[in-house]
Structure formats: C-alpha cells, structure tokens
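Protein chains get the first letters and strands the later ones, always in sequence-line order, with residue 1 at the start of each.
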Amino acid sequence: MSLLDFFRSKRSTTTAAVARDRLQIVLAHERISRDGDDFLPRLQKELLEVISRYVAVDQNAAVVKLDRGDDVSTLEIEIELPMPTAEQSRATRVAL
Amino acid sequence: MSEVIVVTSGKGGVGKTTTSAAFATGLAMRGHKTVVVDFDVGLRNLDLIMGCERRVVFDIINVIQGEANLKQALIKDKRVENLSILPASQTRDKDALTKEGVEKILNELRETFDYIVCDSPAGIERGAHLALYFADKAIVVTNPEVSSVRDSDRILGVLASRSKRAEDGRPPVKEQLLLTRYDAARVERGEMLKVEDVQEILAIPLLGIIPESQSVLSASNQGVPVILEDNSTAGKAYADAVSRFLGEDVPHRFVSPEKKGLFSRLFRGAA
C-alpha cells in the first residue's frame, strides 16, 4: 500500500460503493414485491373505510409513507381526524 | 438445433442494438447460419447499425400480415456469409406484432438458421415482451450505472416469470450478463460500479465486458458492426464474448486500466 493509498482510504466511501449499497437495498425490496401487486393503495383504502365507520374522515387526508431500510422498513400512515374546533384537531398516527 | 437468443436490457441506450449487430455478425463469422431480427417496431435502427438501411424493402410486420414472405423480407449481409437481417417496420406501431405472428416467423427461421438473435426494444411492454417470449437464451446488456442495473433486474424477473419457457414449465431461459460501456479507469477511481458488484447484484453468469470505446460510435456512423473493427477494444471484447457464448474458455480483458507508458503520458493529447 502506497502512502497515497493510505490517505485515500481515509476518505469517505466512493460513489460506486454508494451506488452498490443503494441498489442492493432497493432490489431486495423490489424482488419481494415483484410478483405480488402493490398493496399500499388497497391498504390505505381499507384503513380509511374502517376508521370512517367510527369517525368522519376526509378521504383525501391520509398520508402513507414507506421508508425502506436495510434491516427495518417502516410504514407510516397518518390520518387527520377533523374535530369540531381547530384547537382540538390532532392527527392519529398508526405505525406498523 | 437452432437457438433463439434475445438481447435485452429494460433500459434504453445501453447498447442492445450494437450488441445484437456485433453478436450476430460474430456468430456468422464463426460459421453459424445467423439471422438478427429487429423487434423495435416503429423505431427501427438495426438496419442502420448493420449498414443495410438502403436495402430494406419488406419488414417483419409485412411478413406477419402476409404482405410478403420471409424470404423477400430477409436481407443478406454483403460482408459476412451466413448472416441475414430481418428489419422492423418503421411506419406501423408495436400493436402490429402478435404472439402468433412472431411464433410463426421464428419457427420458419428455425428451419434455416442456427441462431436467431432478437434485438429487443427498450421497456417491458409488448415489443420487449414478444422479443424475449420465445427465447432459449438471453443476453442482458447492462451499463455499470444504477438505473441500468435496476432495469436489468426487472427484465430478469420478466424472463423468469413471463417467458414461454417459464409458462410451459420447461428449463428456464439461460441468462448471461454483458456489461457494456465499462470504463476501467473510472472503476479504479471508485466512480463506477465494478464488474464484481454488478455481477453480485444481478447474480447471473458473466458473458463479457465491453470497454467504453470511441470505435462504437465511429462503427455506427459507418454502418459497420463494431466486431468487424479489428483494432477496436470493443470489437475484440465482443469477439471474446462470442467465443465464450460458443463454450470456449476465454479470459476477460479490458478489466483494468491500460498502463500508460512515459511516451503516451507525454503525448496524451495526441493519443
């Protein structure tokens, strides 16, 4: 190892390494869902149906976020519940 | 026993037509009766890369629709014996391609040719699906770049689930990776995905590495398949890949940057 290489190794990871890691993560997820259809829109619709049996909710006020991680993925569903007064309005979070 | 080979990638612009032209020419040069079929209906380009654009009379859609027979539509290459081209239609759209029509043409081609190379259009829609549907082998052309690798992975999924071999429950399409536009100097600097990385991610055997080369453009400018350019590194790499495809054990070249001598360093601009 030359002196130059010693200093180089201290540098942050190369862009090629970043590309490899990103591909490995995204493809691992895409391969799982390759044959199954995308369930998120249905999940959102069905959750809204259940909640609207109990409270009046705005069908457009649902936000579904998915963060695909290396070890853990999080699915975050945020549904705004309209309240009589603005002060009381708050959001309910369901984390899966 | 004839073989149908699809050259596919998912992503556009990675070198499918360049590869189809080079590979078909290489197989014919090795003495195999070969036909290369353009499946990119509406965006025909194989004729230009093969240098036969002025000799196109009928095309694959004419044959499917019974307006011409296969013999009339096939163009014999003037440079290489045993090589023919079946052009795509430039005026119709992809809906004119039918599964039955393609099957009939391929069966007829199987009677005459040893290898039928199918140049797939980009994407995963009808044209691309029909190009791979009847394949026995697939050459997956990939650039060392994130979007190309992802699209290749997607195409591998389609090959595994939606090809005729998969539907019939026969042995799967034999998939091989051809990494194109590889720049060993950039790989060494950590700016480009390594061949090992791409191979590990896609997990299919490596058929060849085609180095980034200026001769690919100059060959296409002239309508000459790059494999016929004797002094081109890309041409040599394609010839190696053809040998590997035919079962020969050929080491991979152009995987590390060219060592520059003092002379070429001094006269870098002139080289």
Looking only at heavy atoms, the pair that brings Arg20(A) and Leu193(B) closest together is N-CD2, 3.6 Å
In this structure, are over 12 heavy atoms from other groups packed under 6.0 Å from Asn231(B) atom CG? no
Using non-hydrogen atoms and a limit below 4.5 Å, what part of residues 119-144 of chain B faces chain A? none
Who in residues 199-215 of chain B is close to chain A, using a strict under-4.5 Å heavy-atom cut-off? Glu200(B), Ile201(B), Leu202(B)
Residue Arg22(A) excluded, over 12 heavy atoms near CZ under 6.0 Å: no
The interface call for Val26(A) against chain B, heavy-atom contacts under 4.5 Å, is side chain
With a 4.5 Å limit on heavy-atom distance, are the side chains of Thr14(A) and Glu191(B) in contact? no
May I ask you to name which of Arg150(B), Met192(B), Lys194(B), Arg186(B) has the most heavy-atom pairs under 4.5 Å with chain A? Arg150(B)
